[in-house]
Amino acid sequence: MAKPTYSTPLGMVDILPDETPIWRALEQMIHEEAAKFNFQEIRTPILEPTELIKRGVGQLTDIVTKEIFAFQKGDTHYVLRPELTAPVVRSYVQHHLDQRGGVQKLYYIGPMFRAERPQKGRQRQFHQFGLEVIGSADPIADIETIAFMMRIYERIGIKNFTLKLNSVGDPESRERYKQVLRDFLEPHRSELSELSQTRLDKNPMRILDSKEPEDQPFIEQAPVIQDYLNEDSALHFDQVCKGLTALGISFELDPYLVRGMDYYTRTAFELSSPDLGSQDALAGGGRYDLLVEEIGGNPTPAVGFAAGMERLLIACDELGISLTQDNTLDVYIVCLGDEARHWGLSHVAKLRAKGYSASMDYIGRSMKAQMKEANREQAKYTLIVGEQELENQVFVLRNMSESTEESGSFEELIHKLQS
RNA sequence: GAGCCCGUAGCUCAGUCGGUUAGAGCGCCAGGUUGUGGCCCUGGAGGCCGUGGGUUCAAUUCCCAUCGGGCUCCCCA
């Protein structure tokens, strides 16, 4: 604190050894569930071309206008990725994954970066997992995407949440609706919030998402997109709703749900939790049937979601859910004297070769200190080795939780470990 | 981009109406138990009281600035 020190950049944290087991448990769970759904993992670079993110996410979005970390090397402009849908689609196009036939079912886990003011549940480097189904316009793809998302929270035991669902329409429906919405709001332009006034010209649907008090009366009376969906989009949305209901996934229809990225079409959804405080979105996603083409690929329908891992862990914390079991150290070899330490060094190796975890003192401490350490590390057993034991080749195996001891040769005691 | 709150030991936090060597609990180390952990007892290490400046005989305390952290608005994971 006093001396010159270095620390993590604003809004970024170290994940210390106390925390890493929780992260690994969560990651493992995601890998397992993805395997059950037959999704394949994709890993892409942390940096992406600025232009990709601008085109993909949208020039006017908050993410692009004020939240990206951008820098330049030579003539090339890069950003730290703020989300992964556009990069995954870039990869899909770049590597011609469409030529592999069928639908690409991809999932990812990794860090994202947004240059916002940090607060609870919001960091500048945060982690998301998510998936992208590229190449299907069928409602089944939407339903499976949501089902996967819900499965993760179900498995962890988080139940206190709301799934909000909406359709933001296909381009034709949306253009029609935007016009209707503009016509409705234009007469009240001067009464709207400043932000909403600019959005009225550029992206009127985002006004529905506004939380400014002065906007609320108009939002409540505004026409609803459901009434302007064309037959295809209405049918698609209906099938998604019915499919979710058939799977026992409950949801709320929210005609005001408009997500922050420009690429969404038709299905949009968001999962929020009252256990998170102000930043209450656990996960969100939707369909993006135009993005692949926008980024340079063939017209290809797709749907996906992303979930915040820090927020998931906050929810676990609030609910008292533990993702980890106690760590397991099988044997701590307590060594008394130099000769015993040499013996210990070769025998931790033998234990590990047999598949047990084993550790010993590295700094020549007293027996008491070694026992304390074994206790702190929650060792199941200590193996006690001193001069007598070496002479007789008879060692003491102490069961730490039961405070019982047995003696025998090293081989006999290893055999005891198995029971 | 805007608002509010907070910086004292590894952690959580007392304290000083300005006045000798700045405290507690937990944690860490050691001893009590010359070869046995957790419980208990005793002792120890560990602080430029975030940083810089000002006021003062004297500042960890008061004032200003600055840096760092937290929460909130906006928006999102």
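This is a predicted model, so every value here is computed, not measured. Every chain is numbered from 1, with letters handed out A, B, ... down the list of sequences.
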Do A:E270 and B:A77 share a donor-acceptor pair, side chain to base, under 3.5 Å? no
What is the distance, rounded to the nearest whole Å, between atom CD of A:E377 and atom C1' of B:C28? 14 Å
So, using salt bridge (charged side-chain N to carboxylate O under 4.0 Å, His left out) as the criterion, who are the partners of A:R376 when residues are at least two apart? A:E373
So A:E389, base contact, sugar-phosphate only, or nothing? Heavy-atom distance under 4.0 Å. base
Note: A:R24-A:E27 ion pair, threshold 4.0 Å (strictly below): no
Between B:A77 (P) and A:F113 (CZ): distance, integer Å: 16 Å
Nearest whole angstrom, please: distance from the P of B:C75 to the CD1 of A:I63. 13 Å
Close residues, residues 119-127 of chain A, relative to RNA chain B [heavy-atom separation under 4.0 Å]: A:Q119, A:K120, A:G121, A:R122, A:Q123, A:F126
Looking for any heavy atom pair under 4.0 Å, which part of the strands does A:L282 touch: base, sugar-phosphate only, or nothing? sugar-phosphate
Taking pairs as Watson-Crick (N1-N3 plus N6-O4 or O6-N4) or G-U wobble (N1-O2 and O6-N3), each distance under 3.5 Å, the stems of three or more consecutive pairs with RNA chain B are B:1-7 with B:67-73, B:10-13 with B:23-26, B:28-32 with B:40-44, B:50-54 with B:62-66
Using atom C1' in both nucleotides, what's the gap between B:C49 and B:G68 to the nearest angstrom? 16 Å
For nucleotides 38-43 of chain B, give me one character per nucleotide, 5' to 3': B if any protein heavy atom sits under 4.0 Å from the base, S if the only such contacts are to the sugar-phosphate, - if neither. B-----
Under a 3.5 Å cutoff, is there a donor and acceptor pairing between the side chains of A:R398 and A:T382? no
Looking only at atom P, what distance separates B:C39 and B:G25, rounded to whole Å? 16 Å
Is A:D280 touching bases, backbone alone, or none of the nucleic acid, heavy atoms closer than 4.0 Å? base
Any base atoms under 4.0 Å from A:E83, or only sugar-phosphate, or nothing? Heavy atoms, all strands. nothing
Using a heavy-atom cut-off of 4.0 Å across all strands, would you classify A:A379 as base, sugar-phosphate, or nothing? nothing
For atom P, what is the distance between B:G44 and B:C26, given to the nearest Å? 16 Å
For A:E373, answer base if it contacts any base atom (sugar-phosphate contacts may also be present), sugar-phosphate if it contacts only those atoms, and nothing otherwise; contact means non-hydrogen atoms under 4.0 Å. nothing
With A:S357 via side-chain contact (heavy atoms from CB on, under 4.5 Å) - residues at least two apart: A:L329, A:D330
Separation of B:G31 C1' from A:M367 CE (nearest whole Å): 17 Å
Please name all residues satisfying side-chain contact (heavy atoms from CB on, under 4.5 Å) with A:L16, sequence neighbours left out, ordered by chain then number. A:D14
Have a look at A:L312 and say if it touches a base, only the backbone sugar-phosphate, or nothing, with a 4.0 Å heavy-atom cut-off. nothing
Without decimals, in angstroms, what is the distance between A:R259 CZ and B:A77 C1'? 8 Å
Rounded distance in Å - CG (A:N399) to C1' (B:U36): 14 Å
Mind checking if A:A283 touches a base, just sugar-phosphate, or nothing, with heavy atoms under 4.0 Å? sugar-phosphate
Side chain to side chain donor-acceptor pair (under 3.5 Å) involving A:Q388 - partner list, sequence neighbours excluded: none
Not counting sequence neighbours, which residues clear side-chain contact (heavy atoms from CB on, under 4.5 Å) with A:Q28? List them please. A:E32
Could you give the distance separating B:G18 and B:A58 at their C1' atoms, to the nearest angstrom? 8 Å
Spacing of the P atoms in B:U55 and B:C63 (rounded, Å): 16 Å
Which pairs with one or both residues in residues 78-95 of chain A pass salt bridge (Lys or Arg N to Asp or Glu O under 4.0 Å), sequence neighbours excluded? A:E48-A:R90
Under 4.0 Å between a side-chain N or O of A:R206 and OP1 or OP2 of B:C76? yes
Toward the 5' end of RNA chain B, by each residue's nearest nucleotide, A:A307 or A:T8: A:T8
Return the set of residues passing side-chain contact (heavy atoms from CB on, under 4.5 Å) with A:E175 (not counting sequence neighbours), or none when no residue passes. A:K178
Decide yes or no for A:D289 and A:D170: does some side-chain heavy atom of the first lie under 4.5 Å from some side-chain heavy atom of the second? no
Assess the residue pair A:K54 and A:E51 against the criterion (salt bridge (charged side-chain N to carboxylate O under 4.0 Å, His left out)); give the C-alpha distance rounded to whole Å, side-chain angles, the decisive distance to 0.1 Å, and a yes or no. CA-CA 5 Å; A:K54 285 187 175 172; A:E51 201 48 35; 5.2 Å; no
Looking only at the side chain of A:R117 (C-beta and beyond, no hydrogens), which of the listed nucleotides B:U72, B:G69, B:A30 gets closest? B:U72
Ignoring hydrogens and angles, are the base of B:C76 and the side chain of A:R311 linked by a donor-acceptor pair under 3.5 Å? yes
Euclidean distance for P, B:G70 against B:G32 (whole angstrom): 45 Å
Does B:C28 have OP1 or OP2 under 4.0 Å away from a side-chain N or O of A:R376? yes
Strictly by salt bridge (Lys or Arg N to Asp or Glu O under 4.0 Å), give each pair with a member in residues 126-149 of chain A just once, sequence neighbours left out. A:D142-A:R287
Rounded to whole angstroms, how far apart are CZ on A:F129 and P on B:A77? 13 Å
Contact class for A:Q370 vs. all strands (heavy atom < 4.0 Å): base, sugar-phosphate, or nothing? nothing
Is the A:Y228 ring parallel, tilted or perpendicular to the A:Y177 ring (thresholds 30°, 60°)? tilted
To the nearest 0.5 Å, atom OG1 of A:T145 lies from atom CZ of A:F39 at 5.5 Å
Considering only atom P, compute the distance from B:C73 to B:U51 and round it to an integer number of Å. 33 Å
For residues 307-322 of chain A, which residue pairs qualify under salt bridge (Lys or Arg N to Asp or Glu O under 4.0 Å), counting only residues two or more places apart or in two chains? A:K120-A:E318
C1' gap between B:G27 and B:G46, integer Å: 12 Å
May I have the distance from A:Y264 (atom OH) to B:C76 (atom P), rounded to whole angstrom? 11 Å
From C-beta outward on A:D62, which listed nucleotide comes closest to its side chain: B:A77, B:C75, B:C76? B:C75
